[in-house]
Amino acid sequence: MKPISRKNLENMSEKARRRSLEVLRKLSVDEKLTILGEMIDAIAKIKISMLMKAIGCDEEEAIKILRERLMKLQETNR
């Protein structure tokens, strides 16, 4: 099997990006909101996991710390 050239790889990547955008444009508002919610959940899980590893705490403590940080951030942006 021949290796894929950089140009072909970039071309395939661009085609995939365009196809993804086409699909996203066709979704209903509810479907878009569902995807957004799932993305936010995934990001939150990653942040919790990173904090747990960084300071050696359990999930409950990591969530508490992140909530406190978010509340402080919201207060400073008011």
Over all heavy atoms of both residues, which pair between Lys32 and Arg25 is shortest? Give the atoms and the distance, please.
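Minimum heavy-atom contact is NZ-O, 4.2 Å.
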Do side-chain atoms of [X] reach the backbone of [Y] as a donor and acceptor pair under 3.5 angstrom?
{"X": "Asn77", "Y": "Leu73", "answer": "yes"}
{"X": "Ser20", "Y": "Ala16", "answer": "yes"}
{"X": "Ser49", "Y": "Lys45", "answer": "no"}

Do Lys15 and Arg18 come close enough that some side-chain heavy atom pair is under 4.5 Å?
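The answer is yes, as the side chains (C-beta and beyond) meet within the 4.5 Å cut-off.
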side-chain contact (heavy atoms from CB on, under 4.5 Å) against Glu31, all qualifying residues, sequence neighbours excluded
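Counting only residues at least two positions away or on another chain, Glu31 forms a side-chain contact (heavy atoms from CB on, under 4.5 Å) with Leu27, Ser28.
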In chain order, what residues pass the side-chain contact (heavy atoms from CB on, under 4.5 Å) check against Arg19, with sequence neighbours excluded?
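Here the qualifying residues are Glu22, Val23.
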Not counting sequence neighbours, which residues clear side-chain hydrogen bond (donor to acceptor under 3.5 Å, both in side chains) with Ser5? List them please.
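Listed in chain order: Asn8.
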CD1-CG distance between Ile40 and Leu33, expressed to the nearest 0.5 angstrom:
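Output value for this atom pair is 9.5 Å.
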First locate atom NZ of Lys47, then atom CG of Leu70, and finally report the distance between them rounded to the nearest 0.5 Å.
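Result: 10.5 Å between the selected atoms.
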Clusters formed by hydrophobic residues whose side-chain heavy atoms approach within less than 4.5 Å: which one holds Ile48, and what are its other members?
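Members other than Ile48 - counting any ILVMFWY side chain reachable under 4.5 Å - are Leu51, Met52, Ile55, Ile63, Ile65, Leu66.
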Under a single-linkage rule joining Ile, Leu, Val, Met, Phe, Trp and Tyr whose side-chain heavy atoms are separated by less than 4.5 Å, which residues share a cluster with Ile46?
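Its cluster partners, ordered by chain and number, are Met50.
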Pair listing, salt bridge (charged side-chain N to carboxylate O under 4.0 Å, His left out) test, anchored in residues 52-75, at least two apart:
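Found none.
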